[in-house]
A.B. asks: 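Dropping the structure in here first, questions after.
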Amino acid sequence: MLDRYGRSITYLRVSVTELCNLRCRYCMPADGIKKKDHENMLSEEELIRALRVAASCGIRKLRITGGEPLVKKNIISICQQAAAVEGIEELCITTNGLLLPQLAAPLRQAGVSRINMSLDTLDPDKYRYISRVGSLEQALAGLEAALAVGFEKIKINTVLIGGFNDEEIPDLAELTRRYPIDLRFIELMPMYDSGDFGPEAFIPCASVLDRLPEAEQAEQDGGVAKLYRLPGSQGNIGLISPVSAHFCAECNRLRLTADGKLKPCLHAPTEYSIKGLDEEGMRRQFEAAILGKPQWHGELSATSRSQAGRNMNQIGG
Ligand code: SAM
Ligand code: SF4
């Protein structure tokens, strides 16, 4: 379905939980979040109903996200049913990877086609610092597990944080030589309450290229990342610049939160609830959300906060 600005909305990002086994400093408060009552969250049945409606409105690609989607007890069942929805051509998942050693194989069997894994540093102490609780070893074991069960075109997502991982850009880029994966650097977004990092931590994606003099422009794939490549590498390096060079004109996304709100734009407060609705009611809300998608996300810079009204773990990225 087309929105009011002629964009074809084909991609739904679905957050299945707000909970997470990490507490990344740019994403979540240190003490986590209060678990909401069951009845306020979408049930599995409502979620699959919503996905059927989404497909009938023209959605072709799904990305399961969170919070951390792999902490959700019924994640395999959700993926199996999502992959089977008529009209859905691609089912992807975004994860911190910690539970991939156990879940990579069942996810692949359930029909997940692609995995994106978040990894901001290759230093064990810094990994523990940024995630507050996590283990780099466990995350890398997750990556190895996903490769071992045959996932292809895995993408590693790295949030650029000045004074934290800018010195590591060359080492992180080396991952594309070591593994058959793509690596994407993403600008830090000033979310609602991502309190630990202020404007001084923002570094634009363009600065990545200063640190990678060997990088050459790669063939572009029409996605939101500008693609580069190191000689002899097995994958691309992508630069995603939501802050310094927004890509709203090409945005084909809609988001569904775990508490059943459709968000037409990551950085806008407007939401359309589908909780408790039958198929027809949900369809009306999907159509309203697509037609209500703003032209762009409004002013967003290192110094102006996102208007999303939620932290990233409550949206899904
Ligand atoms: N837990 C999963 C993970 O970390 O991949 C999925 C959910 S997480 C909210 C999705 C993505 O959002 C991650 O790649 C994370 O790095 C990114 N993210 C979270 N907060 C962010 C922020 N303030 N700016 C930029 N990216 C952010
Ligand atoms: Fe959890 Fe992902 Fe947010 Fe980190 S970025 S706290 S792993 S939801």
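First listed ligand is number 1; within each ligand, the first listed atom is number 1.
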A.B. asks: Show which atoms of ligand 1 fall inside a sub-4.0 Å distance from at least one heavy-atom site of Glu187.
C.D. replies: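 Numbered from 1, ligand 1 contributes 25 (C).
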A.B. asks: Classify the contact between Thr65 and ligand 1 as side chain, backbone, both or neither, using a heavy-atom distance cut-off of under 4.0 Å.
C.D. replies: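 Near ligand 1, Thr65 shows its side chain, while the N, CA, C and O stay back.
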A.B. asks: Salt-bridge test for Arg177 and Glu214: reply yes if a basic N is under 4.0 Å from a carboxylate O, no otherwise.
C.D. replies: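 Answer for the salt bridge query: yes.
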A.B. asks: Are Arg283 and Glu280 ion-paired here, with the side-chain N under 4.0 Å from a carboxylate O?
C.D. replies: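 Salt bridge between Arg283 and Glu280, a charged N being under 4.0 Å from a carboxylate O: yes.
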A.B. asks: Quick one: which ligand 1 atoms are inside 4.0 Å of a heavy atom on Asn96?
C.D. replies: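 So the atoms of ligand 1 that pass are 2 (C), 3 (C), 5 (O).
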A.B. asks: Can you figure out which of Ile186, Val159, Leu160 has its heavy atom closest to atom 16 (O) of ligand 1?
C.D. replies: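 Checking each option, the heavy atom nearest atom 16 (O) of ligand 1 is found in Val159.
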A.B. asks: Cation over ring, Arg25 on Tyr129, under 6.0 Å and within 45°?
C.D. replies: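 Yes, cation above the ring, under 6.0 Å and within 45°.
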A.B. asks: Do any N/O atoms on Asn313 end up under 3.5 angstrom from N/O atoms on ligand 1?
C.D. replies: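 Checking ligand 1 against Asn313, no N or O pair falls under 3.5 Å apart.
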A.B. asks: Check for me whether Gly66 has a heavy atom closer than 4.0 Å to any atom of ligand 2.
C.D. replies: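 Flag not set, Gly66 not near ligand 2.
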A.B. asks: Would you say the side-chain atoms of Thr17 and Glu68 include a donor-acceptor pair closer than 3.5 Å?
C.D. replies: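 The criterion, which ignores hydrogens and geometry beyond distance, is not satisfied for Glu68 and Thr17.
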A.B. asks: Atoms of ligand 1 less than 4.0 Å from Glu68 heavy atoms?
C.D. replies: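 By the 4.0 Å cutoff, the relevant atoms are 1 (N), 2 (C).
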A.B. asks: Against Glu90, only a single residue in Lys153, Arg114, Arg60 fulfils salt bridge (charged side-chain N to carboxylate O under 4.0 Å, His left out); can you say which?
C.D. replies: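 Among Lys153, Arg114, Arg60, the one meeting salt bridge (charged side-chain N to carboxylate O under 4.0 Å, His left out) with Glu90 is Arg114.
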A.B. asks: In terms of heavy-atom contacts, does NZ of Lys293 have more than 12 from other residues, nucleotides or ligands at under 6.0 Å?
C.D. replies: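 Above 12, so yes.
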A.B. asks: Answer yes or no: is there an ion pair linking Lys263 with Glu271, defined by an N-O contact shorter than 4.0 Å?
C.D. replies: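 Salt bridge present between Lys263 and Glu271.
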A.B. asks: Can you find an N or O of Thr95 that's nearer than 3.5 Å to an N or O of ligand 1?
C.D. replies: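 N/O-N/O distance under 3.5 Å: yes.
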A.B. asks: Looking at Gly66, which atoms of ligand 1 are within less than 4.0 Å of one of its heavy atoms?
C.D. replies: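 So the answer, numbered in order with elements, is 7 (C), 9 (C).
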A.B. asks: Taking heavy atoms and a distance under 4.0 Å, where does Cys20 meet ligand 2: side chain, backbone, both or neither?
C.D. replies: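 For Cys20, the contact with ligand 2 is made by the side chain alone.
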A.B. asks: Which atoms of ligand 2 sit under 4.0 Å from any heavy atom of Gly67?
C.D. replies: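 Matching atoms, with element in brackets: 8 (S).
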A.B. asks: Please evaluate residues Met41 and Glu18 with respect to the criterion side chain to side chain contact (heavy atoms under 4.5 Å, CB included), reporting the C-alpha separation (whole Å), side-chain torsions for both, the decisive distance (0.1 Å), and the verdict.
C.D. replies: CA-CA 10 Å; Met41 309 308 276; Glu18 298 180 355; 4.2 Å; yes
A.B. asks: Where on Leu22 is there a heavy atom closer than 4.0 Å to ligand 1, on the side chain, on the backbone, on both, or on neither?
C.D. replies: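 Contact part for Leu22 vs ligand 1: neither.
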A.B. asks: With heavy atoms only and a cut-off of under 4.0 Å, state how Met189 meets ligand 1: side chain, backbone, both or neither.
C.D. replies: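 For Met189, the contact with ligand 1 is made by both the backbone and the side chain.
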A.B. asks: Check Met117 against ligand 1 and report side chain, backbone, both or neither, counting heavy atoms closer than 4.0 Å.
C.D. replies: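 For Met117, there is no contact with ligand 1 at all, from either part.
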A.B. asks: Pick, from Ile130, Leu19, Leu70, Asn96, the option with the minimum heavy-atom distance to atom 7 (S) of ligand 2.
C.D. replies: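 Result: the heavy atom closest to atom 7 (S) of ligand 2 is in Asn96.
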A.B. asks: Is there a donor-acceptor contact under 3.5 Å linking the side chains of Thr257 and Asp259?
C.D. replies: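 Asp259 and Thr257 do have a side-chain donor-acceptor pair below 3.5 Å.
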A.B. asks: What are the atoms of ligand 2, with element, lying closer than 4.0 Å to any heavy atom of Met28?
C.D. replies: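 Every atom of ligand 2 under 4.0 Å from some heavy atom of Met28: 6 (S).
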A.B. asks: For ligand 1, which atoms, with element, lie under 4.0 Å from some heavy atom of Met191?
C.D. replies: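 In order of number, 23 (N).
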A.B. asks: Give me the residue, atom name and distance of the protein heavy atom closest to atom 6 (S) of ligand 2.
C.D. replies: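 For atom 6 (S) of ligand 2, the nearest protein heavy atom comes out as Cys24 N, 3.1 Å.
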A.B. asks: If we count only N and O atoms by modelled type, under 3.5 Å, do the side chains of Glu144 and Tyr179 hold a donor and an acceptor together?
C.D. replies: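 A pair is found: one side chain offers a donor N or O, the other an acceptor, under 3.5 Å apart.
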A.B. asks: Any idea which of Pro242, Ser15, Gly67, Ser131 brings a heavy atom closest to atom 6 (C) of ligand 1?
C.D. replies: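 Closest candidate by heavy-atom distance is Gly67.
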A.B. asks: Start with the C-alpha gap between Ile78 and Val14, add the side-chain angles, then the distance that decides, and say whether side chain to side chain contact (heavy atoms under 4.5 Å, CB included) holds.
C.D. replies: CA-CA 11 Å; Ile78 288 174; Val14 183; over 6 Å; no
A.B. asks: Any N/O/S atom, backbone or side chain, of Cys27 lying under 2.8 Å from atom 3 (Fe) of ligand 2?
C.D. replies: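 Here the distance criterion (N, O or S atom, under 2.8 Å) is met by Cys27, so yes.
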A.B. asks: Taking CD in Glu219 as the centre, count heavy atoms belonging to other residues, nucleotides or ligands within less than 6.0 Å. Is the count above 12?
C.D. replies: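 It does not: Glu219 CD has 12 such atoms or fewer within range.
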A.B. asks: Between Arg49 and Glu279, is the closest basic N to carboxylate O distance under 4.0 Å?
C.D. replies: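 Looking at Arg49 together with Glu279, the answer is no, because their closest N to O distance does not fall below 4.0 Å.
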A.B. asks: Can you find a non-hydrogen atom of Met312 under 4.0 Å from ligand 2?
C.D. replies: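 It does not, in that no heavy atom of Met312 comes within the 4.0 Å cut-off of ligand 2.
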